[in-house]
Every structure is written in C-alpha cells, then in structure tokens.
Amino acid sequence: MVETTLSGAAQHQILKNDYASEWMGLEVLKIDDGHATVRMTLRQEMLNGFGMAHGGMIFAFADSAFALACNPAVLSPSDADNITVAAGVDINFLKPAYQGQVITAVANRRAHNGRSGLYDIQIFAIDATELAASASPIDPGSYGELIAEFRGRSRTISKK
C-alpha cells in the first residue's frame, strides 16, 4: 500500500505526464490501493458564463481522482504492461461551486473483478477561508458540502 499525503513523498506515477491535472492545480492528499483524495482551488478560467464552476472542470477533476484510484501509484513488474482506463462514467451535479472555493474529490473502489472495476467519487466544496480555519486540511470533516457524485466503470487494458 502506498500513501501520499500533504507531508508525504512521491506523487502518483501517472501524474508525471498528466498536463491536464497539472493545469488544474491538482494536489494529492492521500493515495491508497483503490482510493485517492485530491483537491484544487477553482480559478476564474474554470468558470462558466453563470459565474460558477464549469461542469466540465468538475468532471475533469473527478476523472483525475478516478484515474489515481484505478492505477497503482508504484508499478510492480506485473503492472508494467497494463493501464486502467474509464469504460464509462456518470456524474450528477448537486450544487454549484464558485471561484476561490477549494474542491476535494474522494475516490473509492466499490468492486473489482478481473479487468473491470467500479468506483464512486464524491466531490465537495468549501470556501478557502473555512478550510484554512479547519483543524486539519485533510480531515474528511473539513471538505465542505457535497456538490457532485461521479461513478466510474474501469477496464484494465494493455498499454500496447
């Protein structure tokens, strides 16, 4: 089991060339087998014409958490020739999020059988000032309000 936290060491191996997650400012809070918790701050260029977070930004953010939960942080020799990708996803937007809010995605594996998996990702939003005042920025109680639910179906395939 590999765990990466704010004070932890190495990032997940797929982040080395993940320019979309880098652009979003994705920060890894925790990684375990089948689990990832990440966060980012919503910036002006992530907003839609209504002044709220663009649904595509929330989707891309949740999708990055999904990818981190699906793939091992450290590749073993048996993992080296395979990657796990999305076979399909659904997202439900529950509440809007706004510029300056910090959003956190918590991804958890629900089932895994052979090359297929099922993952649930919850996305929360909190004002940055509230997060700064919380006792621990990685405490699940400090993530804020639930704004979206993402369900991902994964498939492990050959890299070739």
Side-chain angles (χ1 to χ4, degrees), residues 1-48 52-93 97 99-126 128 131 137-138 140 143-144 147-160:
M1 176 170 68
V2 173
E3 183 175 313
T4 303
T5 63
L6 286 172
S7 59
Q11 293 290 318
H12 198 288
Q13 52 93 16
I14 67 172
L15 291 176
K16 291 176 188 168
N17 296 309
D18 186 341
Y19 303 109
S21 292
E22 180 181 337
W23 178 85
M24 287 188 289
L26 188 103
E27 180 182 8
V28 176
L29 299 181
K30 184 176 180 183
I31 296 176
D32 290 319
D33 181 38
H35 171 85
T37 301
V38 298
R39 75 175 172 202
M40 74 175 192
T41 300
L42 290 169
R43 303 185 312 264
Q44 182 179 14
E45 60 271 22
M46 297 174 169
L47 306 180
N48 63 22
M52 61 183 72
H54 191 289
M57 291 292 110
I58 303 297
F59 183 96
F61 175 65
D63 189 51
S64 289
F66 176 37
L68 292 170
C70 289
N71 289 280
V74 178
L75 291 176
S76 68
S78 64
D79 296 323
D81 294 330
N82 295 317
I83 57 174
T84 301
V85 297
V89 299
D90 297 297
I91 190 163
N92 292 292
F93 299 104
Q99 182 176 347
Q101 285 190 306
V102 176
I103 59 174
T104 302
V106 180
N108 288 297
R109 181 187 304 134
R110 295 294 177 222
H112 186 259
N113 187 15
R115 297 185 306 146
S116 299
L118 182 66
Y119 293 78
D120 285 334
I121 299 88
Q122 294 183 303
I123 304 95
F124 301 88
I126 190 170
L131 180 63
I138 60 171
Y143 297 158
I147 63 163
E149 294 253 356
F150 177 111
R151 173 157 274 195
R153 297 170 302 284
S154 69
R155 186 75 171 168
T156 300
I157 62 172
S158 173
K159 282 184 185 178
K160 300 173 185 177

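Everything numeric here is computed off the predicted structure, so don't read it as measured data.
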How about Gln99 and Gln44: does a side-chain donor come under 3.5 Å of a side-chain acceptor?
-> no
How far apart are the closest heavy atoms of Phe93 and Gly55, and which atoms are they?
-> CZ-O, 3.6 Å
Atom CG of Asp63 and atom CG of Leu68: how far apart are they, to the nearest 0.5 Å?
-> 10.0 Å
To the nearest 0.5 Å, tell me how far Ile103 CD1 sits from Tyr143 OH.
-> 13.5 Å
For Arg110, enumerate each residue passing the salt bridge (charged side-chain N to carboxylate O under 4.0 Å, His left out) test, keeping only those at least two apart in sequence or located in another chain.
-> Asp120
Between Met46 and Met40, which heavy-atom pair has the shortest distance, and what is it?
-> SD-CE, 3.9 Å
Would you give the length of the straight line joining atom NE2 of His12 to atom CG of Leu26, rounded to the nearest 0.5 angstrom?
-> 11.0 Å
Do we see a donor-acceptor contact under 3.5 Å between the side chains of Ser154 and Thr84?
-> no
Check ring-ring contact (aromatic ring centres under 6.0 Å, His included) between Phe59 and all other residues, then give those that pass, not counting sequence neighbours.
-> Phe150
Near His112 NE2, under 6.0 Å, is it more than 12 heavy atoms from other residues, nucleotides or ligands?
-> yes
Set of side-chain contact (heavy atoms from CB on, under 4.5 Å) partners for Ala69, sequence neighbours left out | Ala36, Ala107, Tyr119
Would you give the length of the straight line joining atom CH2 of Trp23 to atom CE of Met57, rounded to the nearest 0.5 angstrom?
-> 4.5 Å
Closest non-hydrogen contact found for Val89 with Gly152 is CG1-CA, 3.8 Å
Gap between atom CD1 of Ile31 and atom CD of Gln13 - 0.5 Å precision | 9.5 Å
Heavy-atom count around Lys16 NZ within 6.0 Å, excluding the residue itself: above 12?
-> no
So which pairs with a foot in residues 81-93 pass salt bridge (Lys or Arg N to Asp or Glu O under 4.0 Å), sequence neighbours left out?
-> Asp90-Arg153
Can you list the residues that meet the salt bridge (charged side-chain N to carboxylate O under 4.0 Å, His left out) rule with Arg155, with sequence neighbours excluded?
-> none
Side-chain heavy atoms of Asn82 within contact of Ile157, under 4.5 Å = no
By side-chain contact (heavy atoms from CB on, under 4.5 Å), Ala105 pairs with (sequence neighbours left out) Val38, Phe61, Ala65, Ile121, Ile123
So, Asp18 side chain and Ser21 main chain: donor-acceptor pair closer than 3.5 Å or not?
-> yes
Quick one: CZ on Arg151 to CG on Asn92, what's the gap to the nearest 0.5 Å?
-> 10.5 Å
Give the intermediate values and the outcome of salt bridge (charged side-chain N to carboxylate O under 4.0 Å, His left out) for residues Lys30 and Asp32.
-> CA-CA 7 Å; Lys30 184 176 180 183; Asp32 290 319; 3.6 Å; yes
